[in-house]
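Remarks on the structure that follows.
Naming: A, B, ... by sequence-line order, numbering from 1 per chain. Side-chain atoms are counted along with the backbone in the values below, which use heavy atoms only and exclude waters and symmetry mates. Computed from a prediction, not measured in an experiment: that's the story for all the values here.
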Amino acid sequence: MTLIYIDLKRYFSFDLKKCMHSGQIFGWKNFGKKWYGFLNKVPVCVSQEENKLIVVSNKSITEDDIIYFFNLDEDVDKINKKIDVNDFMEKAIELYCGIRVLRQDPVETIIEFVCAQNKNIPAIQKTITEISKRYGEKAEMNGITFYGKPNIRKIAKSKLSEILETGIGYRAKYLLSTAEKISEDSTYVDKIRSMEYFSALNAMTSGKMKLYGVGLKVADCILLYGFYKLEAFPIDVWILRAYHYALKGFYDENLLSVNGFRKTKLSRKEYLLMGDVARKVFGKYAGYAQLYIYLASRSLFGGSKKF
DNA sequence: CTTGGACCTGACAAC
DNA sequence: CGCGGCAGGTCCAAC
């Protein structure tokens with residue numbers, strides 16, 4: 001039994017709930033203030049009390065593991081300063097201060113975001129939980145059962161019909177193909193890790209290393225949340241809705257409209273261009289800016305679904 | 001190179 | 001209470 005208290009006063013502003021609700025992590029179970037999930041392949045229960053982060057586990061885990069996973073020692077003051085380029089960003093930073101880009105396992109993020117496409121958050125969580133249940137490990141703490149750590153090789157070896165039982169829908173063939181590809185090449189993840197952002201994005205979405213079912217947006221999510229490549233700026237429908245506010249004046253607004261209406265779909269070229277604008281404005285912290293914009297957009301346009 | 005459909009499934013709002 | 005449109009996109013075929 002491990003019990004770790006981390007004094008958050010030693011770090012920059014941190015908010016566990018905001019991190020867990022930021023759309024970058026799925027499959028953790030939430031009861032009240034407690035979150036159950038796998039951290040560095042170890043089942044844990046995490047909670048926050050004001051200036052303390054509390055992590056409980058019945059397996060071995062260190063304070064450093066936790067600091068690393070939650071990126072506690074990230075200099076977010078510096079980042080926030082850099083991306084605070086207008087009133088919109090200032091407000092978003094103020095509202096969602098305490099957020100971090102987490103350091104999840106790369107393979108798990110690949111599974112997560114292949115499944116997440118064209119689904120809403122409750123549906124994503126349901127599917128990820130089902131996948132973890134079938135292809136991952138079971139854990140129990142405080143009488144609560146939860147699952148995590150889905151095994152990519154196990155997925156690669158299973159049948160399409162089996163994967164379909166998770167509620168994943170038409171993405172089943174994407175997941176199977178991607179699982180096969182990563183399982184075949186044991187160096188796949190390391191190769192992506194060692195590449196700089198653009199090479200990695202291109203590798204995952206085209207050519208020999210292309211993953212079936214991984215387009216630009218999903219690849220960006222994987223690179224940001226799974227590989228901690230902060231230049232990644234995933235553009236989904238929420239970013240598209242708020243782009244006009246977050247990056248007003250930094251780009252040609254005709255790019256985002258057709259006959260006066262906001263575009264709902266981007267071509268590859270447009271997607272890359274809009275990302276480049278964000279990278280130019282936010283520098284190497286585009287990924288952090290994306291998190292703030294995403295959350296602000298959800299609260300602005302998300303109706304009852306806002307956090 | 002760009003564009004419009006199709007696509008599994010389910011939580012959700014609007015009647 | 002059941003129905004229809006939509007959801008953190010991507011693939012594919014056809015211009």
Side-chain angles (χ1 to χ4, degrees), chain A residues 18-27 96 99 101-102 104 109-131 134 159-178 181 201-202 204-207 209-226 232-243 246 254-259 261-275 278 286-287 289-307:
Chain A
K18 284 178 189 168
C19 290
M20 301 310 265
H21 276 306
S22 60
Q24 62 178 307
I25 185 161
F26 305 98
Y96 302 106
I99 196 117
V101 172
L102 306 176
Q104 296 181 70
T109 57
I110 291 171
I111 297 168
E112 280 178 355
F113 286 95
V114 165
C115 298
Q117 63 186 67
N118 205 18
K119 269 181 178 286
N120 51 35
I121 287 174
I124 296 168
Q125 274 163 345
K126 192 183 155 106
T127 303
I128 299 299
T129 301
E130 284 302 314
I131 287 177
R134 282 156 198 273
K159 289 185 180 149
L160 202 62
S161 57
E162 231 173 294
I163 300 177
L164 276 167
E165 289 170 15
T166 61
I168 188 175
Y170 65 86
R171 305 155 197 83
K173 56 184 183 291
Y174 300 160
L175 183 61
L176 182 57
S177 167
T178 289
K181 189 131 190 165
L201 184 69
N202 280 325
M204 290 176 83
T205 56
S206 64
M209 289 178 74
K210 156 111 182 110
L211 299 178
Y212 185 49
V214 174
L216 288 170
K217 189 269 171 183
V218 169
D220 263 341
C221 286
I222 294 167
L223 291 173
L224 180 57
Y225 306 132
F233 188 80
I235 303 175
D236 57 37
V237 292
W238 297 100
I239 298 300
L240 218 42
R241 283 170 189 145
Y243 198 97
N254 292 321
L255 281 173
L256 270 190
S257 61
V258 203
N259 303 326
F261 289 96
R262 183 183 53 77
K263 275 193 186 178
T264 52
K265 226 175 152 177
L266 298 176
S267 69
R268 184 179 177 93
K269 197 174 167 184
E270 287 165 338
Y271 182 98
L272 292 171
L273 185 61
M274 317 246 55
Q290 190 268 0
L291 269 186
Y292 287 112
I293 298 167
Y294 171 75
L295 291 168
S297 180
R298 298 232 14 146
S299 93
L300 273 175
F301 310 116
S304 60
K305 282 176 284 191
K306 63 183 161 193
F307 300 121

Just to confirm, is there a sub-4.0 Å distance from OP1 or OP2 of [N] to any side-chain nitrogen or oxygen of [X]?
X: A:Tyr271; N: B:dC1; result: no
X: A:Arg268; N: C:dG9; result: no
X: A:Lys210; N: C:dC11; result: yes

> Picking from C:dT10, C:dA7, B:dC8, which would you name as closest to the side chain of A:Arg241?
Replying inline: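 The nucleotide sitting nearest to the side chain is C:dA7.
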> Given B:dG5, B:dT2, C:dG9, which nucleotide is nearest the side-chain atoms of A:Lys217?
Replying inline: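 Closest nucleotide among those given: C:dG9.
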>> Using heavy-atom distances to pick each residue's nearest nucleotide on DNA chain C, tell me which of A:Pro234 and A:Tyr212 is more 5'.
In response: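 Final value for this comparison: A:Pro234.
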> Of A:Leu211 and A:Asp236, whose closest DNA chain C nucleotide lies nearer the 5' terminus?
Replying inline: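 This one resolves to A:Asp236.
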On a whole-Å scale, what distance lies between the [atom1] atoms belonging to [N] and [M]?
N: C:dT10; M: B:dA11; atom1: P; value: 23 Å
N: C:dG5; M: B:dG5; atom1: P; value: 15 Å
N: C:dC11; M: B:dG10; atom1: C1'; value: 22 Å

>> Which is more 5' along DNA chain B, the nucleotide nearest A:Tyr170 or the one nearest A:Ala123? Just name the residue.
In response: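 Final value for this comparison: A:Tyr170.
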>> For A:Lys119 and A:Lys126, find the nucleotide of DNA chain B closest to each by heavy atoms; which residue's nucleotide sits nearer the 5' end?
In response: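 It is A:Lys119, whose closest nucleotide lies nearer the 5' terminus.
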> Taking N and O atoms by type only, does the side chain of A:Arg171 place a donor or acceptor under 3.5 Å from a partner on the base of B:dC8?
Replying inline: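 When only heavy-atom distances are counted, A:Arg171 does reach the base of B:dC8 through a donor-acceptor pair under 3.5 Å.
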Without swapping roles, check the side chain of [X] against the backbone of [Y] for a donor-acceptor pair under 3.5 Å.
X: A:Ser177; Y: A:Lys173; result: no
X: A:Gln290; Y: A:Ile235; result: no
X: A:Tyr243; Y: A:Met274; result: yes
X: A:Arg171; Y: A:Ile168; result: yes

> For the pair made of CD1 in A:Ile222 and C1' in C:dT10, what is the distance, rounded to whole Å?
Replying inline: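 These atoms are roughly 13 Å apart.
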>> Can you tell me the base-pairing partner of B:dC12? Count Watson-Crick or G-U wobble geometry only, both distances below 3.5 Å, and say none if there is no partner.
In response: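 B:dC12 is paired with C:dG4.
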> In terms of side-chain heavy atoms, does A:Tyr170 have a donor or acceptor partner in A:Asn118 at a distance below 3.5 Å?
Replying inline: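 Looking only at side-chain atoms, A:Asn118 and A:Tyr170 do form a donor-acceptor pair, the distance falling under 3.5 Å.
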